[in-house]
Amino acid sequence: MKNMNRRKFMQTGLALGAGLWAAPTLVARGANEKIRVGAIGCGGRSGELLGSASSMPNVDVVALADPDENRLGDKKSHFEKAQTYRDLRELLDNPEIDAVFVATCNHWHCLAAVWAMQAGKHVYVEKPLSHTSWEGQQVVNAARKYKRICQLGTQQRSDPMQAEIKKFLHEEKALGEIISARVNHYSVRKPIGKRTEPLPIPKSVDYNLWLGPAEDQPLFRNKLHYDWHWDWNTGSGEMGNWGVHVMDDMKNNVLLDKAKLPKRIFGGGARILYNDAGQTPNVHFVYFDTGIVPVVLGLSTIANGDKGGAGQHKGPNSGYIAYCEGGRLEGQRGSAAAFDKDGKVVRKFQGDAGGQHQKNFIDAIVADDSSLLNAEIALGNDSTDWCNLANIAFRCGKPCTDEAVDALNGQTEGRWEELMADTRDLLANNKMDFKAGSFMVSPMLTVAPDACRFVGEHAEEANAFIKRTYREGFVVPEIS
């Protein structure tokens with residue numbers, strides 16, 4: 001990569017998928033030299049990651065990249081010695097950089113991570129790993145091919161509390177066998193507006209670079225930044241935003257990661273109440289047949305009508321419930337509590353919300369040992385894919401009615417009917433039901449045992465969402 005200009009980088013990138021180029025060796029560093037890191041993306045999450053990294057005595061923040069010169073300038077004011085780049089490819093061309101933090105929009109995560117590893121960098125990439133399942137697997141393949149350390153930003157994996165919870169549930173079996181699980185994320189978000197004319201792109205933004213792999217579509221929301229989450233072209237909705245965190249926590253503590261992917265899934269939802277430009281659902285419900293215990297997920301970002309709050313539900317606003325023979329455990333970021341059958345608290349757990357996750361990444365780089373990672377990229381890819389599958393179930397759904405939901409009840413176990421009762425209450429409190437607001441629900445979909453794709457009935461329609469079409473010059477390469 002040394003002295004490779006951007007045009008050469010792009011030409012070389014076309015050949016990378018064919019395996020014609022090997023990652024360069026990083027500049028050798030002595031035992032006492034610092035790990036030099038760069039940031040790709042300079043928004044709010046990037047600031048948190050860089051703040052954590054810069055507090056480590058063995059880390060220097062040396063580079064920043066963002067297509068928005070205003071955001072780039074803001075981060076530069078906090079890291080005055082860092083070099084700045086509008087184009088991430090120019091940052092990756094710097095052989096002095098050991099590792100990067102990728103905190104871009106979702107649609108850039110995979111391409112930025114693959115390019116970085118091809119350039120010889122270690123990668124910490126924010127969740128969700130992928131915008132589509134196919135590209136997430138290319139990141140895993142790149143980490144293996146180029147022998148790079150690659151960690152997903154599911155920081156709760158680095159909370160010491162999780163080991164205590166797993167011991168309590170699975171070794172001590174303090175509540176008996178686990179029977180089922182429920183995952184929640186309920187928080188209120190405001191509408192993003194709906195314009196009659198396309199949003200003018202700020203002059204500070206190189207929009208071609210901002211789009212990268214995404215399609216060049218007119219935007220009818222009020223803001224460019226952050227609200228890209230609710231547009232399928234660039235985001236994954238709340239399922240990709242917070243769903244990955246809560247699903248990953250459940251997979252870790254309840255399933256012990258023994259289910260790489262669910263065996264079967266169905267789900268549904270709608271975007272209701274908000275007459276805005278958002279496309280992703282603000283009410284989403286999913287059933288997972290895991291082959292271990294049945295799991296349901298409820299997600300809502302609308303208010304609970306006149307009652308306020310984010311909806312009626314069992315358990316934490318954002319977290320999971322493990323239902324056991326002798327009670328239940330409710331876990332969330334930084335804390336958990338176990339209850340007996342009578343609802344009495346029998347144990348509490350206190351964590352640090354994963355504050356050492358970035359240090360875990362740096363420690364693995366220093367040791368040159370990816371096995372030290374708490375959220376190694378293959379594990380992160382699996383957790384992301386559960387949420388990708390949930391989004392696909394919604395996107396290939398058909399109009400939903402009470403009867404359609406009830407017809408699926410006989411195919412479920414666990415807490416599905418409880419979740420549906422809570423969802424009906426939420427809708428009733430907003431003077432709605434499943435017949436209003438364009439609710440959609442999928443049929444039961446069967447997931448292939450060896451990969452994130454569907455097989456059997458309805459597979460063709462669902463598999464259309466496994467991979468996207470990329471813009472020229474920003475194609476995620478196939479890594480083998």
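This chain uses plain numbering: 1 for the first residue, then up along the sequence. Nothing here was measured: the structure is a model prediction, and the numbers come from that model.
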Query - Partner residues of Phe220 under the ring-ring contact (aromatic ring centres under 6.0 Å, His included) criterion, sequence neighbours left out - result: none
Query raised in the report: Is there a donor-acceptor contact under 3.5 Å from the side chain of Arg333 to the main chain of Gly319?
Result: no
Query raised in the report: Does Arg189 have any salt bridge (charged side-chain N to carboxylate O under 4.0 Å, His left out) partners at least two apart in sequence or in another chain, and if so, which?
Result: Glu238
Query raised in the report: Is it true that Arg36 and Asp60 make a salt bridge, defined as a side-chain N closer than 4.0 Å to a carboxylate O?
Result: no
Query - Donor + acceptor pair across side chains of Asn388, Asp385 (<3.5 Å) - result: yes
**Report entry** Test salt bridge (charged side-chain N to carboxylate O under 4.0 Å, His left out) applied to Glu69 and Arg86, step by step
**Finding:** CA-CA 7 Å; Glu69 62 183 9; Arg86 296 288 293 281; 3.5 Å; yes
Query raised in the report: Can you list the steps and then say if Asp276 with Arg271 is a salt bridge (charged side-chain N to carboxylate O under 4.0 Å, His left out)?
Result: CA-CA 9 Å; Asp276 65 2; Arg271 191 169 189 89; 2.9 Å; yes
Query raised in the report: Residues in ring-ring contact (aromatic ring centres under 6.0 Å, His included) with Tyr470, at least two apart?
Result: none
**Report entry** Stepwise salt bridge (charged side-chain N to carboxylate O under 4.0 Å, His left out) check, Asp450 with Arg453
**Finding:** CA-CA 9 Å; Asp450 58 340; Arg453 59 185 176 84; 3.5 Å; yes
Query raised in the report: Listed by chain and number, what are the ring-ring contact (aromatic ring centres under 6.0 Å, His included) partners of His357, not counting sequence neighbours?
Result: Tyr124
Query raised in the report: Can any side-chain N or O of Trp242 pair as donor or acceptor with the backbone N or O of Asn184 at less than 3.5 Å?
Result: no
Query - Charged N-O contact under 4.0 Å between Glu376 and Arg144 - result: yes
**Report entry** Check: Leu129 and Ile377 side chains under 4.5 Å, non-hydrogen atoms
**Finding:** yes
Report task. Could you label the plane-to-plane angle of the Tyr207 and Trp210 rings as parallel, tilted or perpendicular, counting under 30° as parallel and over 60° as perpendicular? Result -> parallel
Query - Side-chain heavy atoms of Tyr287 within contact of Ile265, under 4.5 Å - result: no
**Report entry** Residues Lys251 and Asp382 bridged, charged N to O under 4.0 Å
**Finding:** no
Query raised in the report: Taking atom types as modelled, is there a side-chain donor on Tyr320 or Asn253 under 3.5 Å from an acceptor on the other?
Result: yes
Query - Polar contact flag, side-chain donor to acceptor under 3.5 angstrom, Gln151-Asn360 - result: yes
Requested in this report: Let me know which of Arg71, Lys76, His78 forms a side-chain contact (heavy atoms from CB on, under 4.5 Å) with Cys42.
Outcome: Arg71
Query raised in the report: If we ignore angles and hydrogens, is there a donor and acceptor under 3.5 Å between the side chains of Arg468 and Asn233?
Result: yes
Query raised in the report: Can any side-chain N or O of Ser77 pair as donor or acceptor with the backbone N or O of Asp74 at less than 3.5 Å?
Result: yes
Query raised in the report: When you measure from the side chain of Asn252 to the backbone N and O of Val254, does any donor-acceptor pair fall under 3.5 Å?
Result: no
Requested in this report: Measure from the side-chain N and O atoms of Asp159 to the backbone N and O of Asp352, and report whether any donor-acceptor pair falls under 3.5 Å.
Outcome: yes
Requested in this report: Using the salt bridge (charged side-chain N to carboxylate O under 4.0 Å, His left out) rule, take Arg157 and Asp248 through it: C-alpha gap first, then chi angles, then the decisive distance, then the call.
Outcome: CA-CA 8 Å; Arg157 287 270 177 172; Asp248 183 70; 2.8 Å; yes
Query raised in the report: Under 4.0 Å between a Lys/Arg side-chain N and an Asp/Glu carboxylate O for Lys398 and Glu461?
Result: yes
Requested in this report: Classify the side-chain pair Ser318/His185 by whether it contains a donor and acceptor separated by less than 3.5 Å.
Outcome: yes
Query raised in the report: Hey, does Ser300 have a side-chain heavy atom less than 4.5 Å from the side chain of His284?
Result: no
**Report entry** N-O pairing of Arg148 and Asp98 below 4.0 Å
**Finding:** no
Requested in this report: State whether a side-chain donor-acceptor pair under 3.5 Å links Asn374 with Ser158.
Outcome: yes
**Report entry** Partners meeting ring-ring contact (aromatic ring centres under 6.0 Å, His included) with Tyr186 (sequence neighbours left out)
**Finding:** His313
Report task. On the 0 to 90° scale, with breaks at 30° and 60°, tag the Trp416-Phe266 ring pair as parallel, tilted or perpendicular. Result -> perpendicular
Query raised in the report: Should Arg89 and Asp93 count as an ion pair when the cut-off is N to O under 4.0 Å?
Result: no
Query raised in the report: Judged by modelled atom types alone, do Asn106 and Lys127 share a side-chain donor-acceptor pair under 3.5 Å?
Result: no
Report task. For residues 42-54, pull every pair meeting side-chain hydrogen bond (donor to acceptor under 3.5 Å, both in side chains), keeping only residues two or more places apart or in separate chains. Result -> Arg45-Glu48, Arg45-Glu126, Ser52-Gln358
Query raised in the report: Does Trp230 have Arg221 sitting over its ring (NZ/CZ under 6.0 Å from centre, angle to axis within 45°)?
Result: no
